[in-house]
Each structure stands twice: as C-alpha cells, then as structure tokens.
> 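Submitted below is the structure of interest, expressed as structure tokens.
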Amino acid sequence: MLDLEKKLNKEQLEAAKTLEGPVLIIAGAGSGKTRMITYRIAHMLQTGIPQSSILALTFTNKAAREMWERVKQITQKKLSNLTVSTFHAFGVKLLREEIGILGYKNNFSIYDQTDKLALIKETARELKIATESLDLYNTANLFSSLKTERVPWSRENAELRPLYNEYQEHLKIYNAVDFDDLIILPILILEKYPEILGKYRARYRYLMVDEFQDTSLIQYKMMRLLGEESRNVCVVGDDDQSIYSWRGANYQNLLMFEKDFPERKEIKLEQNYRSTKNILAAANSLISNNKNRKTKELWTGIEGGGTSISLFYPENEQKEGEFIAEMIRSIKIREKVPYQDFGVLFRTNSLTTSLEEALLSHNIPYKVSGGTSFFQRKEIKDIISYLRVLANPEDDVNLLRIINTPRRGFGKKALEYLRAFSESKKCSLYSAMSILRWASDSGIPEKIRRDVEDFLSLLDFYREKVLHPKGLSEAVKGLIEAIDYWGYLILEHQKNEKIARWKYGNLVKFIEIIRRWEEDPDNDDPSLFSYLNRITLITREEDSEEEESKGGKVNLMTIHSAKGLEFDILFLAGVEAHLIPHAKSLEENPDNLEEERRLFYVALTRAKKRIHMTCCRTRKGIRGSIECQPSPFLEEIPAGLMELQQEEKTVEPEEAADYFASLRNAVSKP
DNA sequence: TGCCGAGGCCTTTTT
DNA sequence: GGCCTCGGCA
C-alpha cells in the first residue's frame with residue numbers, strides 16, 4: 001500500500017497522480033522532488049503500468065542509481081525491466097541494438113574527453129597541422145558545439161573544417177563514437193528509420209526527465225522524438241538551478257516544451273523541506289538578482305536557532321583547510337553530527353588538494369567525488385585501453401596508447417612506418433599490422449615485423465581469455481602480469497617506490513571491482529563489452545557500494561557534482577572573486593554571471609542547518625601567490641543573515657575526554 | 001633508433 | 001603533480 005496522501009503534500013500529490021499527458025513540474029531546491037518522482041513511478045507500477053513501458057532519464061549515473069533504489073525500496077519489487085538511466089547510457093543501449101544500420105559494428109568504442117583529444121591530435125598530425133598553433137582543448141569543445149549544432153560553421157572556424165571532417169571519418173574507421181554521438185546517432189536512427197522509431201515509441205509509453213533545466217537541446221530532441229506520440233511526458237526542473245549551459249543546456253528547453261506540449265499541466269513545488277529560514281532567505285535574496293527566471297518564492301517551515309551562515313577569512317588555503325578540518329572535528333564532537341552529514345564544496349577541482357591534505361592530517365575520513373576519478377587514473381586507463389583494443393581492435397586511439405606501454409621497442413620511427421602504411425591502405429593500425437605480420441615482401445624492416453608479431457600474438461592470446469564468459473577478472477590479472485606492468489611502474493617511479501606501489505594497489509583494486517561486478521547475481525551479462533560500456537560512462541567513483549554505515553565520511557566535491565544532494569553542515573571553500581564567479585567563465589561571456597550566481601545558489605541550498613563559508617586572503621595559484629577579493633555574491637546576502645567567524649578555537653581537552661568517555665560507554669553498552 | 005632526464009605547459013564546471 | 005617536447009646518451 002503506497003498511501004500517497006500521507007507521504008506527499010498537495011502539489012506533490014497532484015504531480016505524482018497525473019500520469020497521462022504532458023506535465024511540467026517546477027520544483028524548487030529541496031522541495032521533495034526526488035520523493036515526488038519516486039512515488040510517481042511507484043504509483044505508475046501500482047496502477048498496472050508495466051515496468052518496461054517506463055523510461056526515466058536523469059542527469060548523472062548517481063541520480064539514476066539512487067532513483068532506482070528508492071523506487072525499489074518503496075515498492076519492494078524486483079525492478080528488472082524498469083529503465084532508469086542517463087541520456088547517454090540510454091543512447092548506448094539503443095546503439096548497441098541499432099547501430100548496425102549506420103554501418104558501425106556493435107562492439108564500438110566510446111571515446112571520452114581524453115580519447116577525443118588524442119584523436120584530434122593524431123588527426124592534426126596526419127593533416128600536417130601544427131599542433132602548437134592549435135588549442136586542442138578548445139578545438140575539442142568547438143567540435144562538440146558544432147556537432148550538436150550549438151554553433152554554426154562560420155568564417156572564423158572554417159579553417160578547422162578539414163580537421164573536423166577527418167576526425168569524424170577516423171571515428172568511423174575506428175568503429176568508435178564520442179559522447180555527443182551517443183545522443184546524435186540515436187536521433188539520426190530514429191529520424192531516418194520509422195520502423196525503429198515506432199518500436200521505441202511503442203516500448204516506452206511513459207517518459208520522465210529529471211533535472212530538465214540541464215537537458216541539452218539534442219537531448220530534448222531525443223526525448224521529443226520518443227514522447228510526442230504517447231504525449232505522456234513528465235519533465236521536472238528548476239530554472240534557478242540550471243548550471244550546465246556550457247554543455248548546451250539552456251532555458252530554451254522550457255520554452256520548447258511549452259510550445260511542443262501546449263496541453264501540458266504545470267505544477268509548482270515551492271515548499272522547501274530542507275533548509276532553515278535563514279539559509280533560504282539568503283538563497284532567495286541572492287537569486288532574486290537574476291533577471292531571467294520564472295518567478296517563484298521558496299518558503300520553509302523549518303526554524304533555525306541563531307545565525308546559520310558564517311564567513312571566515314583565512315590567510316591562505318592552508319589555513320582554510322585547517323579551519324574546516326577543525327570545525328568539522330569540533331562540530332562532530334559537540335553536536336554529534338556524523339561525518340557523512342558534512343559537505344565541503346568548491347568551485348574548481350583544483351581546491352581539492354589543500355582540503356584533502358588538511359582532512360588527512362586531522363585524521364578525518366573523507367571521500368572525494370569528481371576530479372580525476374579512479375577510472376581516469378593513468379594506470380587504470382592503460383589497462384582499460386588494453387581491454388578496449390581487445391574488444392574493438394580497430395580502435396587506433398587506444399591502440400596507440402598501449403602499443404609502447406610498457407615499452408616494447410615501438411619507437412618514433414616504427415610508429416611512423418606503421419602510420420604511413422595504414423594511411424596508404426586507408427585502414428586502422430591494427431589492420432595494417434595484421435597485413436604486415438603475414439606479408440611476404442621483404443621491404444619490411446625485420447625488427448618492426450618481429451615487434452608487430454609479438455604484440456599481435458599477445459593481443460590474440462588475451463582476446464580469447466578476456467572474451468571467455470566469467471573469466472574477465474582472471475584474464476585481466478594475467479594480462480597485467482604478462483605485460484609486466486609492475487616492472488614498468490618501478491621503472492617510471494624510480495625515485496619514489498611508494499607511488500609505484502600505490503598505483504599497483506589501484507590495479508589490484510580494479511581487478512577486485514571487476515570480480516565483484518562479474519559475480520554480482522543481478523548482473524545478467526558479465527561480458528567484456530557490457531563492462532566497457534559501463535565504465536566509460538561512469539566518470540566518478542559513485543560505483544562501488546560504499547561502506548557508509550559506521551560514522552561515514554565527509555563529502556568533498558565541486559558545486560556542480562553536489563547538485564541534488566544535501567548536507568546538514570555545509571562548508572563552502574574559496575568564496576573569492578576570481579573563483580566564484582569564475583574569472584574564466586566571465587571572460588568567455590559576461591552574461592555567464594547569472595549562471596555563476598545560480599551555481600552559488602545551488603551551493604547555498606544544499607545546506608540543511610548551517611553554512612560555513614571561507615574566503616582566503618591569499619591563495620597559491622599555479623605561479624605564485626595571489627591576493628584574493630571576497631566574492632561579489634557575498635554582498636547579495638543580507639548582512640543580518642551572516643556573521644563573521646573568528647578563528648575556531650580547538651576543542652578543550654576535557655571536552656574531548658568527555659566525548660571519548662561517551663564513546664566508550666556507547667560501545668560497551670550492547 | 002629508442003630511451004631517459006630536464007624543463008615548460010597547464011587545471012571551470014561533466015556525460 | 002602530470003603531460004608533452006626536446007636534446008643528449010647508449
């Protein structure tokens with residue numbers, strides 16, 4: 001029995017009960033959005049709508065997993081047919097089934113940012129475009145914008161056209177797709193092949209899109225294609241929390257939805273169940289400075305004792321870290337707040353290091369989400385590259401990554417030779433090598449042929465192992481030994497064996513993760529391909545089921561990745577003028593000020609009880625220290641709501657003694 | 001020809 | 001701190 005009436009307020013109830021026809025839900029920060037969505041899905045299932053007819057699209061893998069789990073919890077059902085995924089993961093799913101029609105093979109590789117940069121670079125080299133004159137990073141972004149039609153071809157970027165075309169062609173030759181393709185190609189298929197479109201429309205009769213304000217134009221297009229026939233499309237968003245416009249998300253989605261689904265029902269959730277009055281007043285006051293927004297005013301019934309927002313000016317980032325660490329420790333002791341209820345947020349990943357150091361030296365357990373994730377670490381990426389090449393040999397980018405890692409004699413000359421050969425044959429490096437391996441003509445340098453032979457034999461041997469069902473983790477273990485990656489690590493880190501050992505430890509962990517995945521009873525396809533699909537889309541360590549239970553860990557993350565989360569006690573580090581609003585962002589376009597303000601708004605509204613902001617007087621940049629100014633957004637928070645914090649005095653010894661005594665009692669009791 | 005150390009470059013946010 | 005490039009060495 002669901003008992004919706006008891007669990008939801010009037011607006012939430014209406015939203016959860018409106019299943020037919022398009023619905024637009026404007027859900028303010030902390031308004032119980034996730035709760036509403038999960039109950040809505042549960043309600044759907046209860047009224048007899050089959051799991052397989054529901055497609056819920058979210059923004060992050062984490063959100064998808066959480067939603068899935070909460071629905072499972074409410075309904076107590078096995079949810080094997082319910083699709084809750086990100087747009088990108090859904091794209092992969094569709095492409096694995098249908099990509100053949102576009103001339104790709106369904107073992108295609110998915111290229112992330114790193115692979116993409118490598119491919120552009122490689123392509124540029126081939127076209128003899130000087131790589132120094134080319135800002136690879138910007139070029140990659142530009143290609144993405146062009147591909148998703150955010151930016152038209154113009155006179156300024158016309159010169160990049162040959163490079164772009166060649167890039168695209170290479171993707172195809174390598175049987176690879178990039179992140180944009182995961183949305184673009186499904187749209188292409190659905191638009192071009194009505195029978196496929198019909199199939200998907202018939203399958204997914206009910207669509208839901210969470211974080212609609214962060215949906216990009218092409219994602220919207222995909223959603224519209226799937227939903228415009230059934231018209232059972234429910235989108236949930238908050239324009240004040242739109243913080244991904246640089247990725248092609250913008251308020252136009254809302255306008256388009258209103259135009260495409262004129263009969264929609266509109267519901268606003270304005271009651272905030274998360275934050276105290278003070279915090280909400282600060283957030284409301286801040287966001288009211290934005291011109292472009294749907295007016296709404298969040299309100300809350302939660303009273304908060306005293307001032308719940310404080311500001312502290314540490315001398316430098318080191319003092320900032322110490323301050324935060326000490327505050328966490330004393331709040332934990334005095335107020336018995338468990339570690340997992342603390343959040344430490346910041347604008348850029350680069351702030352992680354100093355904060356991490358401070359927490360580490362204070363023995364405070366923490367976890368970092370975002371930044372360079374586990375799967376992006378070099379040692380892990382190297383091994384994944386081997387797996388990718390085993391799965392899809394035509395994948396040149398990954399092949400180049402591993403061909404001489406660890407060193408096996410493929411130097412510059414050898415590579416040039418192979419490259420020239422593959423170019424003349426218009427094929428991938430792997431195909432070129434296969435030809436060379438058996439070629440009888442004697443023009444081939446003997447050393448190269450021998451190296452090629454060894455390398456290909458290695459791949460052949462492990463391909464068989466890796467494709468063997470249920471044998472993945474063992475095969476990976478064998479592979480790592482066979483290529484003597486440990487020897488390579490030692491060689492690379494002669495001066496610091498600790499690093500080598502740490503990296504090797506990561507590999508052990510990696511094997512363990514694969515093993516767990518392989519043996520998971522819920523996993524009905526433990527193949528190499530399905531594993532690769534999975535990890536390419538997982539960009540954070542949201543993966544491994546954390547051992548949250550005992551005391552937990554303090555959460556460190558960027559504001560962007562904190563979206564959708566909440567914390568009792570929130571620290572906001574680096575509230576400085578060049579960081580938020582970020583100088584780079586304003587430089588790019590002064591209009592970004594509003595987005596930066598929304599970002600700050602998102603940060604403030606993550607807090608339930610209290611916010612401690614820090615603003616360094618000086619901060620070490622990449623070259624030397626710089627003087628910092630307080631963020632201008634601080635002035636948009638009414639002064640009465642904020643108090644200036646003095647240096648936090650450390651916990652008195654007797655207080656700590658009390659605490660430890662109480663701990664001992666708690667432990668010895670049961 | 002391949003390897004290795006020294007020096008210069010760069011980090012806004014993410015699927 | 002990591003990545004790339006360059007120049008000298010084996």
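Values below: every heavy atom of this structure, side chains too, minus hydrogens, waters and symmetry copies. In this text the structure is predicted, and so the values were computed from the model without any measurement. In the text below, chain A, chain B and the rest are named by the order of the sequence lines, each starting its count at 1.
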> For L415(A) and dC3(B), what is the distance between atoms CG and C1' respectively, to the nearest whole Å?
14 Å
> Heavy atoms from C-beta onward define the side chain here; which of dT14(B), dC3(C), dT12(B) lies closest to that of S561(A)?
dT14(B)
> Closest approach to the side chain of L491(A), judged atom by atom: which nucleotide of dC4(B), dT13(B), dT5(C) is it?
dC4(B)
> So F87(A), base contact, sugar-phosphate only, or nothing? Heavy-atom distance under 4.0 Å.
nothing
> To the nearest angstrom, how far is L593(A) atom CG from dT12(B) atom C1'?
15 Å
> Nearest-Å distance, NZ (K584(A)) to C1' (dC10(B))?
9 Å
> NZ of K147(A) versus P of dT15(B): gap in Å, rounded?
18 Å
> Kindly determine whether E357(A) and T353(A) satisfy side chain to side chain donor-acceptor pair (under 3.5 Å), including the steps that lead there.
CA-CA 6 Å; E357(A) 274 167 22; T353(A) 344; over 6 Å; no
> Nearest-nucleotide wise, let me know which of F410(A) and D180(A) is further upstream toward the 5' end of DNA chain B.
F410(A)
> Check every strand shown and say whether N404(A) touches a base, only sugar-phosphate, or nothing at a heavy-atom separation below 4.0 Å.
sugar-phosphate
> For this output row, return yes or no: ring centroids of Y111(A) and Y174(A) closer than 6.0 angstrom.
no
> In terms of side-chain heavy atoms of K121(A), which of dT5(C), dT15(B), dT13(B) is nearest?
dT5(C)
> Quick one: I403(A) CD1 to dG2(B) P, roughly how many Å, whole number?
11 Å
> With a non-hydrogen cut-off below 4.0 angstrom, is K447(A) in contact with a base, only sugar-phosphate, or nothing?
nothing
> Considering heavy-atom distances to DNA chain B, does T86(A) or R408(A) have its closest nucleotide positioned more toward the 5' end?
R408(A)
> Can you tell which of dC3(C), dT15(B), dC4(C) lies closest to the side chain of H88(A)?
dT15(B)
> Under 6.0 Å from the six-membered ring centre of F257(A) and within 45° of its axis: does the NZ or CZ of R224(A) meet both?
no
> For dT13(B), does either OP1 or OP2 sit under 4.0 Å from a side-chain N or O belonging to N349(A)?
yes
> Heavy atoms only: give me the nearest Y386(A)-T405(A) pair and the separation to one decimal.
OH-O, 2.6 Å
> Stacking between F59(A) and the base of dT15(B) (centre distance under 5.5 Å, interplanar angle under 30°)?
no
> Output the rounded distance in Å from CG (N141(A)) to P (dT14(B)).
13 Å
> Give A414(A) one of three labels, base, sugar-phosphate or nothing, depending on what nucleic acid heavy atoms sit under 4.0 Å from its own.
sugar-phosphate
> Of all the choices, dC4(B), dT14(B), dT15(B), which nucleotide is nearest to the side chain of R407(A) once you look at every atom?
dC4(B)
> Of the nucleotides dT15(B), dT14(B), dT12(B), which has the atom closest to the Y244(A) side chain?
dT14(B)
> May I ask you to decide if F108(A)'s main-chain N or O and R96(A)'s side chain share a donor-acceptor pair within less than 3.5 Å?
yes
> Which nucleotide wins on minimum distance to the side chain of T348(A), given the candidates dT12(B), dC4(B), dC4(C)?
dT12(B)
> Under 30°, 30 to 60°, or over 60°: which ring-plane class applies to F90(A) and Y204(A), parallel, tilted or perpendicular?
perpendicular
> Round to the nearest Å and state the distance from L182(A) atom CG to dT14(B) atom P.
18 Å
> Distance check needed: dG2(B) P versus K413(A) NZ, whole Å only.
8 Å
